[in-house]
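Lettering follows sequence order; numbering is per chain, from 1.
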Amino acid sequence: MSVQAIEDTKVKAFPVPAKPAEVIAFTAKVRRRFDPAAIAGKLASTLVPPTIVIVVMLVVWQIACSSPNASLPPPSQVWNEAYDLIAHPFFDYGPQDIGLAWRVLISLQRVAIGFGLAAIVGVALGALVGQSIWAMRGLDPVFQILRTVPPLAWLPLSLAAFRDSSPSAIFVIFITSIWPVIINTAVGVRNIPEDYRNVSRILRLNQLEFFVKIMVPAAAPYIFTGLRIGIGLSWLAIVAAEMLTGGVGIGFFIWDAWNSSRLPDIIVALAYIGVTGFCLDRLVAAIGAFVTRGTTAK
Amino acid sequence: MTAYLKLDHIDKSFARGGQVSEVLKDIRLTIDKGEFVSIIGHSGCGKSTLLNLIAGLTRVSAGAVLLEDKEVDSPGPERAVVFQNHSLLPWLTVFENINLAVSKVFGRTRSRAERHDWIMRNLDLVQMAHARDKRPAEISGGMKQRVGIARALAMEPKILLLDEPFGALDALTRAHLQDAVMDIHSRLGSTTIMITHDVDEAVLLSDRIVMMTNGPAATIGEVLPVPLARPRRRIELSSDRTFLRCREAVLKFLYERHRFVEAAE
């Protein structure tokens, strides 16, 4: 079985440059628990470089799209035409005319259901595959084939099965995000040290106790790696699925804006999607770091 | 009187890919209640396999392990094992690690407060009560092994099985832990079987030393009684004639009569 575990890399937009001089001057007082100058310096060193890059990108974009026959709108036009969307994320003018934050929340709700189901079923199936050699031999080839099917390829089938767009979108999320959860959980369970198994055998833990007290905590770092990949995939899939199924999610909003030639709206929506996806990833990573503290240490 | 623990004509072979390799052949040994027995032999002679058979973690191919005339066929808390690499669960604190064992073994028979006291009693016994809320990663190797011993003792085992318990420790820590084990053995009188490859350790701690021949198809070559009075003190013993004689006997067995041949595959 292929190992899809990714390293838990520290996501930093750019390497932090050498610290400004004033920060070095204050490191002597590191014993003090609250040092406003040091905190400010640290904040500056993490925030300033990305800010510069974003500003440069906007300027380049503005220059590139300023000519009258440019096919894409420059940032100034985006700001002017989509100002309502940027400034008022929570407006609500009726069933199809709502702020982008509402749309993101609706999409997130679908992701929460689909991904939540995928997490539960994925961990259970992964535990089975990791624990039983026969389950692995039987299920692993099936998983390896199914996991390469692109998310949207499932959509017609699920539309036919559920006869409704909303459960179909949720199913697409589920089927997209479940594979990394299964595979990583299985790898984690197979890597449980033999000694932990021996401890549980000597204590005569039953299957449930073994699952809760040994297997899940021991495999937690792997499980969370799978969950993190899974949440990223499900966010990718929901936007695509909503474009086709309609409704009021953020994906449908983009499709709708394209059909009515509102390019600035699409650009704003892309920014929303990116920021939300980033937050989801950080959230799962933070939960993982909290839950698995102390697990990996020897 | 029948023996407390009886290893009755045990054979053990592993089958792998159509090839059967015989590890242990015709092991016969009886151990009395309260006895401290060491099993010594070169690496690869199957002494850990023998311990796993007594623990019930692996099944015998022929013969039987009898504890109080009952056959051992599965692992259980009455044969607690202290593993070489401590095997504490890293996500639990010292207290919680022992609590996992105690609440499983005594969950029905003792109240919460009794179980708490019992855990602390065992931590006191290995002088680790101060670290009750630490995680295994935060304490030293010797301390982890102490906690491992406390966890095994807390199960109130009929037999304590030590699988090279001090193998991964430095010499000074090892001496401290050997003293701790001797002290616990004299206080509790627990029947103990220890796997070791350290001759001094075997002579210092044991009532009897079981010497294994080299594999494949290893068996018990010789059993040496150690007629030293307890309590034993390592400094006095270092020039004691009985101690030196026992030590010499084990060394002779291991390095003259059953020299380890590296390529004996």
Fill in: Derivation of the salt bridge (Lys or Arg N to Asp or Glu O under 4.0 Å) call for Arg187(B) and Asp183(B)
CA-CA 6 Å; Arg187(B) 277 206 254 172; Asp183(B) 178 50; 3.1 Å; yes
Worksheet item: Any side-chain heavy atom of Ile178(A) sitting closer than 4.5 Å to one from Phe115(A)?
Response: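 Counting from C-beta outward, Ile178(A) and Phe115(A) never come under 4.5 Å.
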Residues [X], [Y]: salt bridge by 4.0 Å N-O rule:
X: Asp73(B); Y: Arg59(B); answer: no
X: Glu156(B); Y: Arg110(B); answer: yes
X: Glu209(A); Y: Lys104(B); answer: yes
X: Asp163(B); Y: Lys47(B); answer: no

Fill in: Residue selection (most heavy-atom pairs with chain B, distance under 4.5 Å) from Val199(A), Leu205(A), Asp195(A)
Asp195(A)
By a 4.5 Å heavy-atom criterion (distance strictly below it), what part of [X] contacts chain A: side chain, backbone, both, or neither?
X: Leu92(B); value: neither
X: Ala55(B); value: neither
X: Glu138(B); value: neither

Item to complete: Look only at the side chain of Lys158(B) and the backbone of Thr191(B), and say whether a donor-acceptor pair between them is shorter than 3.5 Å.
Response: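 A pair under 3.5 Å: no.
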Worksheet entry | Heavy-atom contacts under 4.5 Å, residues 119-126 of chain A to chain B |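 Residues in range: none.
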Practice prompt. Find out whether the Lys NZ or Arg CZ of Arg135(B) is both under 6.0 angstrom from the six-membered ring centre of Trp91(B) and within 45° of the ring's axis.
Written response: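 No; the conditions do not both hold, so Arg135(B) does not lie above the ring face of Trp91(B).
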Fill in: Pick from Val81(B), Asn52(B), Leu100(B), Val105(B) with the largest number of heavy-atom pairs that fall under 4.5 Å of chain A
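Top count of heavy-atom pairs under 4.5 Å with chain A: Leu100(B).
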